[in-house]
Amino acid sequence: PPLATTRRTLLLGALITAGLSTAAPLPAAWAAGEIPQGDLFTDAQFQIWVPKGFFKSRRKVKEGTLFTSGNLKTAEIISVQKLSTEKLLMDAGVAPTGDLSESWETSIGKPEIVAALVAKARDNDAKNSNGVPSKVEKGSVSASGSTLNFRMISEMSTTKDPIKRVTVVRAELLPNRSYMAAWGSCLEEDFNSDTRARLEYALKSLVPRTEETSDEVKKLLK
């Protein structure tokens, strides 16, 4: 059964309705306006919808990986990360200049190249121990203003066949020369319509909380 209608769920529905479109169609019940079972995790820096049954872990840091949530049975993971846009460019040998918050394409660079840089920064922050860099999926990159979307494939070495994970990514430029990214991943063989829709639904709900949004959100969540 869907969640009971409350101020919190109404807010989430409004945020998702106003969010980015996704390549994967949402299940019919979700598209009709019903909110799937889950919780709206609210933090001083962001808020995001988390599916029912996912664990939640908030790190007490202001940058890097802020939040991780997941389901150990299905191997689905949702996380939120905040990193410096300036460092992203400097690590690529580019001197950051001007406004870095208006648009990924005009302020930072070609979306496909920027997506690769964001994926690399993710690998570094996650301390990817297998040494195999994640690859941005060809044809998955799109950018609209301050929003960047793409998918990436990560390979994990094992004693048998390699395990591949698919990650859907949404990155939002912030006004303080940084960016916030939401990551939703699962095993490649589980990247079916329902799983993909659930992960992308969570990413659509991400709202970075600036001083302006924080006051309004606090009022709505009371």
Side-chain angles (χ1 to χ4, degrees), residues 12 15-27 30-31 35-36 38-41 46-57 65-83 88 104-105 108 111-126 128 132-156 163-173 179-208:
L12 178 57
L15 291 172
I16 292 175
T17 300
L20 71 154
S21 61
T22 63
L26 294 176
W30 300 12
I35 299 174
D39 300 305
L40 183 62
F41 181 88
F46 67 93
Q47 60 186 26
I48 191 169
W49 175 84
V50 178
K52 182 179 179 180
F54 277 41
F55 69 81
K56 306 178 190 70
S57 176
T65 299
L66 307 177
F67 173 76
T68 303
S69 178
N71 186 318
L72 298 179
K73 292 182 179 180
T74 62
E76 294 172 64
I77 298 291
I78 294 170
S79 61
V80 177
Q81 179 189 47
K82 181 181 178 182
L83 293 175
L88 184 76
W104 282 102
E105 191 159 11
I108 312 300
E112 288 77 10
I113 296 176
V114 174
L117 294 177
V118 172
K120 182 179 179 180
R122 167 67 173 180
D123 285 345
N124 291 338
D125 184 62
N128 192 4
V132 181
S134 300
K135 296 181 179 179
V136 176
E137 185 177 323
K138 187 176 181 180
S140 71
V141 182
S142 65
S144 177
S146 62
T147 303
L148 175 70
N149 300 286
F150 64 94
R151 291 189 301 275
M152 68 182 195
I153 307 297
S154 304
E155 186 174 300
M156 303 173 62
I163 297 175
K164 291 185 178 181
R165 295 186 65 85
V166 179
T167 303
V168 289
V169 187
R170 174 188 172 190
E172 292 287 337
L173 287 173
Y179 66 92
M180 185 172 289
W183 310 77
S185 70
C186 65
L187 297 176
E188 186 178 46
E189 61 264 29
D190 295 333
F191 195 58
N192 55 43
S193 59
D194 288 345
T195 300
R196 176 178 175 181
R198 179 165 51 248
L199 295 175
E200 292 189 336
Y201 190 89
L203 266 60
K204 285 180 68 174
S205 74
L206 174 71
V207 178

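- No donor-acceptor distance shorter than 3.5 angstrom exists from the side chain of Ser69 to the backbone of Val50, with no hydrogens or angles considered.
- With hydrogens and angles disregarded, a donor-acceptor distance shorter than 3.5 Å links the side chain of Arg165 to the backbone of Ser185.
- Between the side chain of Asn71 and the backbone N or O of Lys73, at least one donor-acceptor pair lies under 3.5 Å.
- Side-chain contact between Val141 and Leu148 is present, with at least one heavy-atom pair separated by less than 4.5 Å.
- Proximity of a side-chain donor or acceptor of Arg198 to a complementary backbone N or O of Pro51 within less than 3.5 Å is not detected.
- With sequence neighbours left out, Lys164 forms a salt bridge (Lys or Arg N to Asp or Glu O under 4.0 Å) with no residue at all.
- With sequence neighbours excluded, the residues forming a ring-ring contact (aromatic ring centres under 6.0 Å, His included) with Trp104 are Tyr179, listed by chain and number.
- Taking CG from Leu203 and CH2 from Trp49, the interatomic distance works out to 11.0 Å, rounded to the nearest 0.5 Å.
- In this structure, Leu173 and Ile108 have side chains that are in contact, with non-hydrogen atoms separated by less than 4.5 Å.
- The line from CZ of Arg151 to OG of Ser134 is 14.5 Å long, rounded to the nearest 0.5 Å.
- Closest approach of Ala119 to Met152, counting heavy atoms only: CB-SD, 3.7 Å.
- The backbone N or O of Lys204 sits less than 3.5 Å from a side-chain atom of Arg170, completing a donor-acceptor pair.
- The structure places CD1 of Ile153 at 5.5 Å from CD of Glu188, a figure rounded to the nearest 0.5 Å.
- Note: Phe150 and Trp183 have perpendicular aromatic rings, judged against thresholds of 30 and 60 degrees for the angle between ring planes.
- Residue Lys135 qualifies as open at atom NZ: its count of foreign heavy atoms under 6.0 Å is 12 or below.
- Between Ile48 and Ala202, the shortest heavy-atom contact is CG1-O, 3.4 Å.
- Closest of all the heavy-atom pairs between Thr65 and Thr68 is CG2-OG1, 3.8 Å.
- No side-chain heavy atom of Glu172 sits under 4.5 Å from any side-chain heavy atom of Phe46.
- Side-chain atoms of Leu206 and Val80, non-hydrogen and from C-beta on, do get closer than 4.5 Å to each other.
- Just one residue in the list Asp190, Leu199, Leu187 forms a side-chain contact (heavy atoms from CB on, under 4.5 Å) with Glu76, and that residue is Leu199.
- For the residue pair Glu200 and Val168, the shortest heavy atom distance occurs at OE2-CG1, 3.7 Å.
- Side-chain atoms of Thr195 never come within 3.5 Å of backbone atoms of Asn192 as a donor-acceptor pair (strictly under, hydrogens ignored).
- In this structure Ser79 satisfies the side-chain hydrogen bond (donor to acceptor under 3.5 Å, both in side chains) test together with Arg122, sequence neighbours excluded.
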